[in-house]
Amino acid sequence: MIRVPILHQPQLSLSREDCLQISHPNSKWKEKECVSLLKKCKAMKELKKIHGQMLKLELLYDSFCVSNFLATCALSSWGDMDYASIVFSHIDDPGTFEFNTMIRGHAKSFDFDRALKLFVEMLERGISPDNFTYPFILKACANLGLMKLGRKIHGQVFKLGFHDDLFVQNSLMNMYGRCGNVKDSCAVFMGIQQKSAASWSALVTAHANLGMWWECLEIFGEMMIEGSFKAEESILVSLVSACTHLGALHLGKSAHGYLLRNLSSLNVIVETCLLDMYIKCGSIENAVTLFNNMSAKNLLSYSVMISGLAMHGSGHEALMLFSEMLEQGIEPDDGVYLGVLSACRHSGLVEEGLRLFEKIKLEHRIQPTIQHYGCILDLLGRAAKFDEAFNLIEEMPMAPNVVVWRSLLSAARIHFNLEIGERVARNLMQLGSDNAGDYVMMSNMYARAQKWTDAAAARSIVADRGLDQAAGLSLVEARKKVYRFVSQDKSHCNWEEVYEMIHQMEWQLKFEGYVPDTSEVLHNVDEEEKKQRLKYHSQKLALAFALLHTPENTDIRIVRNVRMCRDTHAYTKFISVIYNRKITVRDRNRFHHFNDGTCSCKDYW
DNA sequence: TTGCAGTCAA
C-alpha cells in the first residue's frame with residue numbers, strides 16, 4: 001500500500017522543549033479552534049491542510065489536539081489508517097486513548113490482525129487497557145474466529161474488573177457466538193444485570209449463526225415479555241430470517257408490518273430479506289407484489305426472486321425476470337445463473353437450460369461451478385438424456401461429487417434404468433457417500449430388478465457404517481404460532497387428539513385407495529412395523545394438527561428439513577382432495593403445491 | 001474526545 005507522506009515531516013523533529021518555548025500564550029484558544037476545525041472536516045485533503053495548520057500553530061505536541069487529530073483520521077469514514085499510523089508513530093508517549101483509537105481504526109477497516117498486534121504492543125509497553133479497549137479486541141477475535149485467545153482475554157477482563165461493563169459483556173457474548181460457542185455466549189448473557197437491546201441481539205445472532213432458528217423465535221418471544229425493549233431494525237431482520245427458515249409466514253408478516261409502521265422507508269437489504277421470507281414461506285403472490293413495489297432492486301434482489309420463482313416451479317416467469325434484469329443493465333454473477341439454471345431444472349426446460357449454460361461461459365466469462373454442472377446434469381437426467389449427461393461429466397473441469405451422482409441416481413430410478421443406476425451407484429460408493437438415502441435408493445432399484453443379493457448388500461452398508469436417515473422434522477404454522485413435529489411425536493400437550501385425527505384420516509384414505517409405500521423406510525424391521533412408523537410420520541402429524549387447528553378452506557403450509565419421501569407425497573395428494581385444502585410443502589429442494597389430488601412438481605422431485 | 005449487535009441466495 002502507498003504510504004501518504006506526512007506534511008512537512010522534517011519539522012516534526014523539533015523537540016518538545018522547542019515547542020513549549022515557542023508556544024503561544026493563548027494555547028487553550030488554539031486547542032478549541034483546532035478541535036472545532038477537525039469536527040467540521042469532511043475529507044482527507046482538508047485534514048492534511050489542518051495538519052499543516054497545526055504545525056504552524058505549534059500544536060503538534062499538544063496531546064489533546066494530536067489525539068483528536070488521530071481519532072478523526074483513523075475513525076472517519078473517509079479516513080486513512082496509513083496516515084493515522086504515521087501520526088501515531090510520531091507520538092512519543094501514546095496512552096490508552098491513542099492505542100484505543102488505533103485499535104478501533106484497524107478493526108473498523110477489517111484489519112483485525114493489526115488490531116491484535118497493536119494490543120500486544122500496548123501490553124508490552126505497560127499501557128493498561130480499559131473498558132473501551134476490550135470491545136474492539138473481542139471484535140477482532142470474533143472476526144478471526146480466535147476463541148482460545150478470546151477466552152484468555154475474557155480471563156484478563158475478569159482480573160482487571162471490567163466484567164461488569166455492559167459493552168464488554170455484549171462483546172464477549174458476540175465473540176463466543178461468532179465462534180460458534182452458544183453455551184458460553186448464553187453464560188455471559190445470564191450474568192448481565194441490565195441487559196440492553198444489543199445483548200438480546202447478540203444472543204439471537206449466536207443462535208442464528210448455528211441455524212438454531214427455533215431458539216431465535218423463543219428468544220425474541222422472551223425479549224418481548226421482558227417488555228422494556230422496542231424491537232429495532234437489526235433484530236427484526238434476524239427475526240424475519242428465522243421466520244424464513246421456519247416457514248413462519250404469519251409471524252414474518254407481522255414483522256413486515258412492524259417494520260413498515262416503525263421505519264420511514266425500508267432499504268434494499270431489508271426488502272430483499274422480506275422477499276426471501278415470503279418466497280420460502282410459500283407465499284409467492286406476496287413475494288411478487290413486494291418485488292414489484294420495491295423502490296430499488298439490486299443483483300441480489302433479482303437473484304432471490306429468480307430462484308424463488310424457480311423453486312415454486314414458475315420457470316418461464318423466472319427466465320422472463322432474468323431478461324428484465326439484463327435489460328436493466330445489471331451484470332449477472334454465478335449466483336443468479338444458479339437460479340436461472342435451477343428454473344430450467346425445476347420446469348424441465350432442457351433446450352433453454354443448455355443454451356443458458358453456454359451463455360455463462362461465452363458471453364459472461366463466468367467459470368461454471370459444480371452446482372451449475374449439477375443443475376444441467378439433473379436436467380439431462382430428468383429428460384433421460386444419459387449419454388449427454390455422461391459426456392458432460394467427462395468434460396467437467398472438476399471431479400463430480402456425490403450431489404451430481406445422486407441426481408443421476410434419482411433420474412435412473414425415475415426412468416427405471418438399472419444399467420445407469422448401477423453405473424452411478426458404483427461411483428457413489430467409490431466416493432464413500434454417507435447418505436443413507438443413497439443406499440436406500442440403490443437397494444430399491446435392485447429389489448425392483450429382483451437382484452436380491454445386491455439389494456441386501458446396499459442395505460447392509462447402511463447398517464455396517466451406522467448410517468441413519470436424517471431425523472425428519474415438520475413445521476407448521478397455526479394460530480399464529482409455529483408447531484414442530486418429529487416422527488412418532490408425543491411431546492405436544494394435545495397429542496392424543498392429533499393421533500385420533502390420524503386414525504380418522506387413515507380410514508378415509510383407505511377408502512380413497514391409498515396404500516402405504518414402505519419402500520423408502522430404512523429401518524431393519526418387518527413390514528407391519530414399517531407401516532406403523534409411516535403412520536405417525538412427522539409430516540402426517542403436522543397435517544393432522546393443521547386440519548384440526550386452521551379454519552376450513554385455508555391453505556396449509558408445511559416446512560420440511562429433508563426431501564419428501566414417496567409415501568408422504570402420495571398421502572398429501574390424497575389429503576388435498578379429501579379435505580379440499582391447498583397444501584404447500586417446502587422440502588429440502590423445492591416447493592410442492594398440492595391441490596385437488598395433484599402436485600405442482602408433476603411427481604418429479 | 002472513544003465503545004457492543006447490524007441484516008439478503010445457492
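Atom set for the values below is all heavy atoms of this structure, side chains included, hydrogens, waters and symmetry mates excluded. Sequence lines set the chain letters: A, B, ... in the order given, protein chains first and strands last, and positions in each chain run from 1.
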Classify the nucleic acid contact of N298(A) as base, sugar-phosphate or nothing, counting any heavy atom under 4.0 Å across all strands shown. nothing
Base, sugar-phosphate, or nothing: which does F64(A) touch, judged by heavy atoms less than 4.0 Å apart? nothing
Non-neighbouring partners of H312(A) that pass ring-ring contact (aromatic ring centres under 6.0 Å, His included), sequence neighbours left out: F591(A), H593(A)
Count the heavy atoms of every other residue, nucleotide or ligand shown that sit under 6.0 Å from CD of E358(A), and state whether that count exceeds 12. yes
Would you list the pairs meeting ring pair (Phe, Tyr, Trp, His ring centres under 6.0 Å) in which at least one residue belongs to residues 266-291 of chain A, sequence neighbours left out? H256(A)-Y278(A), F291(A)-Y302(A)
CA sep, side-chain torsions, deciding dist, call: N174(A), T205(A), side chain to side chain donor-acceptor pair (under 3.5 Å): CA-CA 8 Å; N174(A) 184 43; T205(A) 313; 6.0 Å; no
Which nucleotide span of DNA chain B, 5' end to 3' end, has atoms closer than 4.0 Å to non-hydrogen atoms of chain A? dT1(B) to dA10(B)
For residues 172-199 of chain A, which residue pairs qualify under ring pair (Phe, Tyr, Trp, His ring centres under 6.0 Å), counting only residues two or more places apart or in two chains? H154(A)-Y176(A), F189(A)-W200(A)
Of the residues in residues 270-284 of chain A, which ones touch DNA chain B at a heavy-atom distance under 4.0 Å? T272(A), C273(A), D276(A), K280(A)
Can you give me every donor-acceptor pair (side chain of residues 141-149 of chain A, partner residue at least two apart or in another chain, under 3.5 Å) with its distance?
unit_1, atom_1, unit_2, atom_2, d
N143(A), OD1, R178(A), NH2, 2.9
N143(A), ND2, K139(A), O, 2.9

In sequence, state the C-alpha distance, the side-chain angles, and the governing distance for D130(A) and T133(A), and then conclude on side chain to side chain donor-acceptor pair (under 3.5 Å). CA-CA 5 Å; D130(A) 62 8; T133(A) 319; 2.9 Å; yes
Using a 4.0 Å heavy-atom cut-off, does N100(A) contact any base of the nucleic acid, only the sugar-phosphate backbone, or nothing at all? base
Where along residues 304-316 of chain A does a heavy atom fall under 4.0 Å from DNA chain B? V304(A)
Using a heavy-atom cut-off of 4.0 Å across all strands, would you classify N589(A) as base, sugar-phosphate, or nothing? nothing
Can you give the donor-acceptor pairs under 3.5 Å from side chains of residues 233-245 of chain A to other protein atoms, not counting sequence neighbours?
unit_1, atom_1, unit_2, atom_2, d
S238(A), OG, S234(A), O, 3.3
T244(A), OG1, V240(A), O, 2.8
H245(A), ND1, S241(A), O, 2.8

Tell me, please, which residues at least two apart from F167(A) pass ring-ring contact (aromatic ring centres under 6.0 Å, His included). none
State which residues pass ring-ring contact (aromatic ring centres under 6.0 Å, His included) with Y373(A); sequence neighbours excluded, sorted by chain then number. F357(A)
Please work out which residues in residues 233-250 of chain A have a non-hydrogen atom less than 4.0 Å from an atom of DNA chain B and list them by number. S234(A), V237(A)
Within a 6.0 Å radius of atom CE on M398(A), are there more than 12 heavy atoms belonging to other residues, nucleotides or ligands? yes
Please list, chain by chain and in numerical order, all residues satisfying ring-ring contact (aromatic ring centres under 6.0 Å, His included) with H163(A), sequence neighbours excluded. F158(A)
Is any side-chain N of the basic residue among K49(A) and E46(A) closer than 4.0 Å to the acidic one's carboxylate O? no
With heavy atoms under 4.0 Å as the rule, sort N131(A) into base, sugar-phosphate or nothing. base
